[in-house]
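A, B, ... follow the sequence lines: proteins, then strands. Residue 1 opens every chain. Keep in mind the model is a prediction, meaning the values are calculated, not measured. These values consider heavy atoms only, across backbone and side chains, with no hydrogens, waters or symmetry-generated copies.
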Protein chains: 2
Amino acid sequence: MIRVLVADDQELVRGGLAALLSLEDDIEVVAEVGRGDQVEAAVAEHRPDVILLDIEMPGMSGLTVAERLRGQRVVIVTTFGRPGYLGRALAAGVAGFVVKDAPVAELTAAVRRVMAGETVIDPKLAVSALTVGPSPLTQREAEVLRTASGGATVADIARHLFLTEGTVRNYLSSAIGKTGARNRAEAVRVAESRGWL
Amino acid sequence: MIRVLVADDQELVRGGLAALLSLEDDIEVVAEVGRGDQVEAAVAEHRPDVILLDIEMPGMSGLTVAERLRGQRVVIVTTFGRPGYLGRALAAGVAGFVVKDAPVAELTAAVRRVMAGETVIDPKLAVSALTVGPSPLTQREAEVLRTASGGATVADIARHLFLTEGTVRNYLSSAIGKTGARNRAEAVRVAESRGWL
DNA sequence: ACGCGGACATGACAAACGTCATCGCAGGTA
DNA sequence: TACCTGCGATGACGTTTGTCATGTCCGCGT
């Protein structure tokens, strides 16, 4: 039996995944958690063979959890096939990456192959990640964009990051250029959709 | 047996919900579809007793589908508990509204109660919907905001909606005022988070 | 030691944005 | 009929952006 832990914040989705996996003869769901910051404790307690992690979770991002679980067999199961996520996930040493609109068979296959020591990446995602490439944004640019994404003004961002307004404008301008956008809002959308934030 | 149709665009989620419901002795999943515009045909073919609809789907919004299925027993199962969604769902005559982070038992209970002719609404959501109230935005204001949400400039919006730039600015200004925001981006966030778009 | 690039800053300017006052026109409603 | 509301428009205004030129400082690789 492959012992699996499922981490996802939405109960229905988490329960659904668990039910789905439990239908398989060789897979057993030994634990379910709904918050990123509860994963480590659950892993210590239940010692699963494979850990399924959603990225968007309260408490701690699935990517952060994956970094801290380096050495364990982690499979990221997420809604958004953002190329940037894949890069960060691989850097965190995950063994698999599956998007939620993949066929069910792909998930069970991923669990088994990861269990066998293989690395499983959604092919479509791999292509788009290689096409889009890594984030061209510097840390600062990403930081400023992230702060701007809630609709904050330049002055707000400057206060929040302890920068001058002029500097903030420069970073925004540079980020707008790099994303190929025509203004702040568009830059935010682009960067978000690619997982650069 | 309660015959159920499940509509959700994410295969893993859809399969998960189906697996979850199939575990119940009195529930049978007779069809699954992944696009809003395929629901009607599937309903005609399989004649389910209860129809589970996600809101965000390609092809056609679950809310639109619900309107066209008026008379059928429809349960909205969605990620976002946006108050505005609940209002529109009820206006569309749905029999139930469940958010995806509700406990699993709530979903099966909802299916059974809807089958029995009851109307089931997530209590937390009902409260927030009554607290937040209906959208204060006029159709035009919502339209302009929606168009602006992708990062479009005033000129873009004006061209797209066949309005004058000045008029667009007026609508935006009015929407910003009504949402209590301090600029366009913030207004978009607020309106989106409440389901007013 | 040198050059390079990233982080940070300043100041200036044009374009875009947000606000206001004001207007005309339709459709309901008192 | 008179009134109100929503839609559409105009013009004017001050503010906020986005861009650019320019400069300093620091860390890194050769």
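- With hydrogens and angles disregarded, no donor-acceptor distance shorter than 3.5 Å links the side chain of A/T167 to the backbone of A/L163.
- For the pairing with A/L52, the side-chain contact (heavy atoms from CB on, under 4.5 Å) check across A/V74, A/L21, A/D8 returns one residue only, A/L21.
- B/R146 contributes a side-chain N or O that, together with a main-chain N or O of B/L197, makes up a donor-acceptor pair within less than 3.5 Å.
- When rounded to the nearest whole Å, the span between CZ of B/R182 and P of C/dG18 equals 12 Å.
- Consecutive pairing runs in DNA chain D reach the stem threshold at C:1-30 with D:1-30, where a stem means at least three Watson-Crick or G-U wobble pairs with distances under 3.5 Å.
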Result block: side-chain N/O donor-acceptor pairs under 3.5 angstrom for residues 151-162 of chain A, not counting sequence neighbours:
from   : atom 1 : to     : atom 2 : distance (Å)
A/T153 : OG1    : A/A155 : N      : 3.2
A/T153 : OG1    : A/D156 : N      : 3.2
A/T153 : OG1    : A/D156 : OD2    : 3.4
A/D156 : OD1    : A/R159 : NH2    : 2.8
A/D156 : OD2    : A/T153 : N      : 3.1
A/D156 : OD2    : B/R182 : NH2    : 2.4

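- With sequence neighbours excluded, the residues forming a side-chain contact (heavy atoms from CB on, under 4.5 Å) with B/A7 are B/L5, B/V33, B/V39, B/L53, B/M57, listed by chain and number.
- If you check residues 183-197 of chain A against DNA chain C, you find no residue with a heavy atom closer than 4.0 Å.
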Run the salt bridge (charged side-chain N to carboxylate O under 4.0 Å, His left out) test on A/R140 and A/E143 for me, step by step, so that the C-alpha distance in whole Å, both residues' side-chain angles and the decisive distance to 0.1 Å come before the verdict.
CA-CA 5 Å; A/R140 291 296 179 188; A/E143 215 169 339; 3.5 Å; yes
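- Within 6.0 Å of CZ in B/R35 there are more than 12 heavy atoms belonging to other residues, nucleotides or ligands.
- A cation-pi arrangement is absent between A/R88 and A/Y85 under the rule of less than 6.0 angstrom and at most 45 degrees off the ring axis.
- The OH-C1' distance, from B/Y171 to D/dT10, rounds to 14 Å in whole Å.
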Quiz: residues 104-123 of chain B side-chain donor-acceptor pairs under 3.5 angstrom, not counting sequence neighbours:
from   : atom 1 : to     : atom 2 : distance (Å)
B/T108 : OG1    : B/A105 : O      : 3.0
B/R112 : NE     : B/D26  : OD1    : 3.4
B/R112 : NE     : B/D26  : OD2    : 2.6
B/R112 : NH2    : B/E24  : OE1    : 2.7
B/R112 : NH2    : B/D26  : OD1    : 3.0
B/R113 : NE     : B/E118 : OE1    : 3.1
B/R113 : NH2    : B/E118 : OE1    : 3.1
B/D122 : OD1    : B/K124 : N      : 3.3

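- Here the P atom of nucleotide C/dC8 and the CG atom of A/L172 are 13 Å apart, to the nearest Å.
- Non-hydrogen atoms lying under 4.0 Å from DNA chain C are contributed by B/T153, B/V154, B/R169, all within residues 138-169 of chain B.
- Computed from coordinates, the A/N170 CG to D/dG18 C1' distance equals 10 Å when rounded to whole Å.
- Minimum heavy-atom separation, B/G150 to A/E186: O-CG, 3.8 Å.
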